[in-house]
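Each chain gets a letter, A, B and so on, in the order the sequences are listed, and its residues count up from 1. Excluded from the calculations below are hydrogen atoms, water molecules and symmetry mates; all remaining heavy atoms, backbone and side chain alike, are included.
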2 protein chains.
Amino acid sequence: MSTVGLQLRELREKAGFSLRKAAVAIDIDVAILSKMERGERKFSKELVIKLAELYKTNSDKLVIDYLSEKVLYELEEEEFGLEALKVAEKQLEYKRTNNK
Amino acid sequence: MSTVGLQLRELREKAGFSLRKAAVAIDIDVAILSKMERGERKFSKELVIKLAELYKTNSDKLVIDYLSEKVLYELEEEEFGLEALKVAEKQLEYKRTNNK
DNA sequence: ATTACCTTTGACAATATTAGTCAACACATA
DNA sequence: TATGTGTTGACTAATATTGTCAAAGGTAAT
């Protein structure tokens with residue numbers, strides 16, 4: 001399973017950034033970035049986007065994966081997690097087809 | 001749209017509990033229950049279940065709605081919320097069919 | 001019009017969670 | 001040795017969540 005953190009780590013390496021350089025570029029402590037890439041700390045959406053920009057990658061899929069992970073994190077232990085997701089999905093679909 | 005709070009309010013009234021009585025029965029401050037029923041504060045899963053028990057109702061659907069609301073709350077402003085939900089759903093389905 | 005309920009409101013304190021800072025470590029390589 | 005790499009843990013700061021409390025306003029019966 002490819003987490004957002006690991007995806008961003010790969011992208012960073014391909015883009016030729018060291019952890020420190022990348023951290024400086026987006027103005028966070030290197031320790032935090034290290035932990036985020038390894039899933040020890042959560043990303044924020046803003047950081048995901050900033051990093052994607054730094055690595056010259058489209059951020060859409062990364063953001064989707066980021067949000068998905070966030071949701072899964074709070075449902076994974078839930079007996080009715082899947083059912084809840086389906087209910088939520090219906091609501092969002094309804095919302096999207098109608099008003100806004 | 002019928003929120004968990006409003007559902008629980010209806011159940012409470014049908015069961016003949018005043019806000020105070022219900023709050024005392026599950027050992028929380030009446031102010032909190034009032035706010036929760038009206039959506040001004042979030043429920044916890046434990047309270048949803050306790051209230052369902054108090055009102056002699058099966059809690060499964062309530063819990064599902066509760067979780068769904070929680071998820072929607074953090075996705076509703078997101079451009080890619082629906083896509084994220086679908087990704088999360090696939091992961092959960094995969095997990096459920098396989099190992100655990 | 002006061003007593004006895006009910007629900008709502010807002011201000012505040014207590015707690016828990018999350019985010020950020022920093023220094024040091026271990027490893028590799030020039 | 002000196003420089004660059006990533007990782008770790010302890011600590012503080014900031015923010016969010018929860019809990020407590022007192023008071024207000026409503027309704028109804030006496």
Rounding to a whole Å, what distance do you find between [X]:[atom1] and [N]:[atom2]?
| X | N | atom1 | atom2 | value |
| --- | --- | --- | --- | --- |
| E37(A) | dT5(D) | CD | C1' | 13 Å |
| L33(A) | dT8(D) | CG | C1' | 15 Å |
| K45(A) | dA19(C) | NZ | P | 15 Å |
| E74(A) | dT18(C) | CD | C1' | 15 Å |

field: L62(A) CG to L8(A) CG distance, which is reported to the nearest 0.5 Å
entry: 5.0 Å

task: Answer yes or no: does a side-chain N or O of S34(B) lie under 4.0 Å from OP1 or OP2 of dT7(C)?
output: no

field: Presence of R38(A) side-chain N/O under 4.0 Å of dG6(D) phosphate oxygens OP1/OP2
entry: no

- line: Heavy-atom closest pair (Q7(B) atom, D65(B) atom, distance to 0.1 Å) is NE2-OD2, 3.0 Å

Looking at [X] and [Y], does any basic side-chain N land under 4.0 Å from a carboxylate oxygen?
| X | Y | answer |
| --- | --- | --- |
| E83(B) | K61(A) | no |
| R12(A) | E37(A) | yes |
| E74(A) | K70(A) | no |
| K45(A) | E77(B) | no |

- prompt: When you look at CD of E79(A), are more than 12 heavy atoms from neighbouring residues, nucleotides or ligands closer to it than 6.0 Å?
  reply: no

message: Taking atom CG as the centre, does D27(B) end up with more than 12 heavy-atom neighbours from other residues, nucleotides or ligands that are less than 6.0 angstrom away?
response: no

message: Closer than 3.5 angstrom, by distance alone: can the side chain of E78(A) be matched with the main-chain N or O of L67(B) as a donor-acceptor pair?
response: no

- request: Could you tell me whether the side chain of T57(A) and the main chain of Y55(A) form a donor-acceptor pair under 3.5 Å?
  value: yes

Residues in contact with DNA chain D, drawn from residues 9-19 of chain A - heavy-atom cutoff 4.0 Å: R9(A), R12(A), S18(A), L19(A)

message: Generate the contact string for nucleotides 18-30 of chain D. Rules: B means base contact, S means sugar-phosphate contact only, - means no protein heavy atom under 4.0 Å.
response: BBBB---------

query: Which angle, to the nearest 10 degrees, lies between the helix axes at the two ends of the helix from dA1(C)-dT30(D) to dA30(C)-dT1(D), each defined by five pairs?
result: 10°

- prompt: With a 4.5 Å limit on heavy-atom distance, are the side chains of V71(B) and S68(B) in contact?
  reply: no

